[in-house]
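We count residues from 1, following the sequence as given.
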Amino acid sequence: MRRPLVNSTPLYLISLFTCLISGCLAAQPLKIVCHEFAPFSFQDVNQTTGILVEIAQIACRSWEDGCEIELLPNRRAKQTFNHGLANGHFMGWNEDRAKSIWFSIPLLQTEYGFYSLQNKRISKVEQLAEKNVGVLAPSNTYESLLEIDKSLQQLGHLPMNIIQLAPANEQPIKMLAMARFNAYFVNRDVGAYYADRLDIQNLHYLSSGKVIQYHLGFKIQFNKYETIKSFNHHLESLFQQGRFDSLFHRWNMSPPKLNQSEYPGLNIPY
């Protein structure tokens with residue numbers, strides 16, 4: 001008598017295979033890290049906030065897999081991101097980063113510039129030759145300052161004395177107020193936020209003339225192209241719906257310029 005055929009494949013493998021096909025394995029939420037960089041990301045009492053954080057929070061509420069946002073010290077946030085322990089990190093775009101990072105569509109527009117004391121005001125960049133200039137490092141701000149310093153040297157000026165600062169909080173503005181350096185090169189809105197918070201009014205601002213757009217960066221090595229592409233379409237849809245308009249008004253910030261034709265050159269999956 002012939003025996004009936006028996007499927008020898010283990011039951012757990014059959015279940016796993018069925019689960020993979022049916023999509024029952026839940027995707028992991030995007031983990032986003034940031035550091036103290038008010039008014040973009042910072043700790044306010046018992047919550048992490050800031051305009052970039054709030055933009056991400058709105059997007060994540062309607063993103064199918066959700067997100068986790070964690071604020072860490074600057075260097076630790078970068079290490080967590082660079083080692084793939086987090087998917088995303090808020091950052092400015094630069095050419096070197098685009099070699100290893102996919103970017104979200106732009107989230108907001110701002111600029112870098114120099115804050116100095118009114119009685120020692122810096123009214124043109126050439127005055128900074130041989131001067132002490134503080135800047136957060138490592139950062140995109142620091143890389144931008146190096147470019148400015150290089151341009152000055154090419155015009156025959158002596159180099160700046162660039163002082164690298166670890167904190168991106170109120171400490172550098174306090175140091176500037178005590179004349180610890182001649183100028184502080186920083187995001188315009190960061191400097192203004194901490195000057196207002198500390199009630200430091202004797203400051204002068206000189207724009208670098210360079211517009212900066214902030215994004216979420218995603219290490220290519222640790223992320224899936226289709227996931228970032230899908231998240232970018234989700235973000236763009238929210239921008240088109242005006243979901244972030246009230247944030248830009250409340251934080252007194254400028255929305256980004258969204259130009260899809262520029263996305264491929266910026267390494268923005270779309």
Heavy-atom closest contact ([X] atom, [Y] atom, distance):
{"X": "S123", "Y": "H204", "result": "CA-NE2, 4.3 Å"}
{"X": "V53", "Y": "S41", "result": "CG2-CB, 3.7 Å"}
{"X": "I173", "Y": "G191", "result": "CD1-O, 4.0 Å"}
{"X": "K210", "Y": "S144", "result": "NZ-OG, 3.7 Å"}

Mark yes or no for whether [X], through its side chain, and [Y], through its backbone, hold a donor-acceptor pair below 3.5 Å.
{"X": "N82", "Y": "K78", "result": "yes"}
{"X": "S237", "Y": "H234", "result": "no"}
{"X": "N267", "Y": "A98", "result": "yes"}

Distance-only donor-acceptor check, side chains [X] and [Y], under 3.5 Å:
{"X": "T49", "Y": "E54", "answer": "yes"}
{"X": "S208", "Y": "E111", "answer": "no"}
{"X": "Q153", "Y": "D149", "answer": "yes"}
{"X": "N232", "Y": "S104", "answer": "no"}

Heavy-atom neighbours of [X] [atom1] exceed 12 at 6.0 Å:
{"X": "E95", "atom1": "CD", "value": "no"}
{"X": "H83", "atom1": "NE2", "value": "no"}
{"X": "N252", "atom1": "CG", "value": "no"}

How about [X] and [Y]: do any of their side-chain heavy atoms sit closer than 4.5 Å?
{"X": "F103", "Y": "R97", "value": "yes"}
{"X": "L258", "Y": "Q240", "value": "yes"}
{"X": "V135", "Y": "V186", "value": "no"}
{"X": "Y112", "Y": "F185", "value": "yes"}
{"X": "I268", "Y": "H215", "value": "yes"}
{"X": "E262", "Y": "K257", "value": "no"}
{"X": "I32", "Y": "N87", "value": "no"}
{"X": "V125", "Y": "I148", "value": "yes"}

| task | Go through the steps to decide whether F40 and F90 satisfy the test ring-ring contact (aromatic ring centres under 6.0 Å, His included), and finish with yes or no. | result | CA-CA 9 Å; F40 302 106; F90 299 118; 9.4 Å; no
| said: So if I apply the side chain to side chain contact (heavy atoms under 4.5 Å, CB included) rule between N169 and each of Y194, F42, F37, which one comes out positive? | reply: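 Going through Y194, F42, F37 one by one, the side chain to side chain contact (heavy atoms under 4.5 Å, CB included) with N169 is satisfied by Y194 alone.
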| task | Please check if the distance between the ring centroids of Y263 and Y270 is under 6.0 Å. | result |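 Centroid distance Y263-Y270: below 6.0 Å, so yes.
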| message | Taking the basic N atoms (NZ, or NE/NH1/NH2) and the acidic carboxylate oxygens, is any pair closer than 4.0 Å for K31 and E68? | response |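 No.
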| task | Take the angle between the ring planes of Y115 and Y205 and call it parallel below 30°, perpendicular above 60°, tilted in between. | result |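 Ring orientation, 0 to 90° scale: tilted.
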| Can you check side-chain contact (heavy atoms from CB on, under 4.5 Å) on E126 and H157, steps first, answer last? | CA-CA 7 Å; E126 290 79 4; H157 297 281; 3.5 Å; yes
